[in-house]
Asks: 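Please read through the structure below; I'll follow up with questions.
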Amino acid sequence: MNIRRSAAILAATAVAVLGTGAVPVTALADDSSPSASPSRAAPRGLYGSADPTYDGVWRQSLALLAQDTVGVKPAAEAVDWLVGQQCDSGAFAPYRADASAKCDDRTPVDTNSTAAAVQALAALGGHDGEIGQAVRWLKGVQNEDGGWGYQPGGASDANSTSVVIGAFVAAGDEPGDQKKGGYSPYEALRALSVPCAEDGAGAFAFQPDKKGKLTANADATAAAVLGALGQGFVPKPGAGDAGTAAECVGGDDFSPEDAARNGALHLAKALAKDGYLKSSLAGAEDQPDHGNTADAVVALAAAGQKDSTARPLAWLEKNSGPWAAGAGPAAYSQLILAAHATGTDPRDFGGTDLVEKLNATGPAPEETVRSTTTDADEKGQDDGPVFGVWWVVGTCLVAGIGVGFLLSGRTKKQQL
């Protein structure tokens with residue numbers, strides 16, 4: 001959910017410049033909101049002080065969504081900032097410095113920013129016009145295989161397809177009814193599920209490699225479990241009733257639910273060793289990936305595998321403080337969404353008030369409602385931590401010059 005660091009790629013631009021197929025790019029750091037230009041002042045109304053060029057809409061959407069889930073009414077100027085980033089076409093770019101200027105062919109609109117904004121605005125309510133425009137644009141740029149790439153025309157990837165599914169659900173549309181070339185988004189995700197007989201069984205690949213091979217990717221798997229279950233950044237716990245399958249399931253009648261179950265099983269096994277996921281960067285030692293661990297826990301909670309979430313949630317409560325403080329609003333939002341998914345109190349997350357930390361990164365909310373009863377209490381469950389999103393890494397090549405593109409908390413290509 002990254003912050004729901006959705007690990008997506010500016011594949012289309014790379015194709016245009018280099019004439020090569022899109023491939024996932026490994027992240028540079030476990031930082032959901034890095035600053036490409038620290039000297040740039042953050043726009044009024046935007047959460048976070050880091051350069052918003054590549055993740056402004058993403059982190060704003062997650063911040064507003066996280067606030068809404070915990071009863072906080074965001075500042076009007078924060079909502080207005082997000083709405084003002086939309087182009088007439090309905091699409092959103094990661095950031096437009098001059099929102100009064102018309103978007104044109106050079107405006108780098110993308111599916112991830114657009115879908116994230118839809119989910120946030122739908123949660124807040126009162127933005128049916130903007131949501132309708134955005135959804136129409138997303139439908140218009142669907143690929144022939146039923147999925148979406150980061151940019152219009154880019155090869156479909158698991159992360160982008162999943163966040164768009166979440167947008168459709170938030171807008172009240174049925175993702176399975178949205179077909180292109182005879183394929184739905186769910187079929188696009190199934191095509192990215194690693195077969196049970198292969199290495200990384202049950203996981204999802206970000207995209208096939210140049211030879212068509214599917215390589216297990218933890219970031220893509222966490223995102224795609226939610227997508228295959230028809231869920232967005234704020235999933236309903238156990239929504240897919242995926243259960244606690246002990247083995248990868250294949251067969252001719254392989255369903256989206258089967259794919260989600262397999263993906264959740266893969267994540268549970270990956271977390272069983274250390275209680276957290278690791279990033280893998282070329283030339284560097286593997287290191288804990290806080291954002292992707294949180295995403296995995298959200299996915300497991302949605303898939304009904306609550307028993308597998310306790311250990312990574314406890315690890316996040318103990319170890320995510322420095323990461324979130326450095327990464328900014330998207331990281332705090334991701335942790336809040338993880339806490340919300342399991343009935344954990346985000347105002348006492350390992351002794352940290354995540355809501356207070358998030359609110360402090362932007363304009364003061366209009367209203368804060370502190371709930372004294374968690375979802376776990378309401379359901380008669382025991383108190384205590386049970387459970388700890390998508391996101392965006394990309395590479396933008398402009399005029400032949402590579403520009404590092406890092407959009408949010410899920411900043412790493414993970415191979416398990």
Asks: Dump the intermediate steps for ring pair (Phe, Tyr, Trp, His ring centres under 6.0 Å) on W58 and F233, then the final yes or no.
Replies: CA-CA 12 Å; W58 181 265; F233 291 158; 5.5 Å; yes
Asks: Taking salt bridge (Lys or Arg N to Asp or Glu O under 4.0 Å) as the test, write out the residues that go with E77, two or more places apart.
Replies: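 Salt bridge (Lys or Arg N to Asp or Glu O under 4.0 Å) check on E77 returns R44.
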Asks: For the CZ atom of F349 and the CG atom of L335, what is their distance to the nearest 0.5 Å?
Replies: 5.0 Å
Asks: Ring centroids only, cut at 6.0 angstrom: are Y276 and W323 within range, meaning strictly under it?
Replies: no
Asks: List in chain and number order the residues that pass side-chain contact (heavy atoms from CB on, under 4.5 Å) with S255, two or more places apart in sequence or in another chain; answer none if no residue qualifies.
Replies: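 Expected list: E257, D258.
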Asks: Testing the basics here: between A205 and A158, what is the closest heavy-atom pair and its distance to 0.1 Å?
Replies: O-CB, 3.4 Å
Asks: Quiz question: by atom type and distance under 3.5 Å, do the side chains of Y183 and D145 form a donor-acceptor pair?
Replies: no
Asks: Is the side chain of R96 donor-acceptor paired with the backbone N or O of Q86 at a distance under 3.5 Å, no angle test?
Replies: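 Yes.
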Asks: How long is the straight-line distance from SG of C248 back to CG of L265, given to the nearest 0.5 Å?
Replies: 7.0 Å
Asks: What closest approach, in Å, do V225 and F204 show between heavy atoms, and which atom pair accounts for it?
Replies: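 Looks like N-CE1, 4.4 Å.
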Asks: Please check if the side chain of S156 supplies one atom and the backbone of G149 the other of a donor-acceptor pair under 3.5 Å.
Replies: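 No: the side chain of S156 does not pair with the backbone of G149.
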Asks: Measure across A264 and Q305 and return the closest heavy-atom pair with its distance rounded to 0.1 Å.
Replies: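 For A264 versus Q305, the nearest heavy atoms are CB-NE2, 3.7 Å.
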Asks: Go through the structure and list residues passing side-chain contact (heavy atoms from CB on, under 4.5 Å) with D128, not counting sequence neighbours.
Replies: none
Asks: Kindly state each residue pair satisfying salt bridge (charged side-chain N to carboxylate O under 4.0 Å, His left out) with at least one member in residues 131-141, sequence neighbours excluded.
Replies: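 Applying salt bridge (charged side-chain N to carboxylate O under 4.0 Å, His left out) to every pair that reaches into residues 131-141, excluding sequence neighbours, yields K139-D173.
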Asks: Could you work out, with side-chain contact (heavy atoms from CB on, under 4.5 Å) as the rule, every residue matching T69, not counting sequence neighbours?
Replies: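 Residues passing side-chain contact (heavy atoms from CB on, under 4.5 Å) with T69: V234, I336, L337, H340.
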Asks: Restricting to side-chain contact (heavy atoms from CB on, under 4.5 Å), what partner residues turn up for E356, sequence neighbours left out?
Replies: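 Applying side-chain contact (heavy atoms from CB on, under 4.5 Å) to E356 gives D353.
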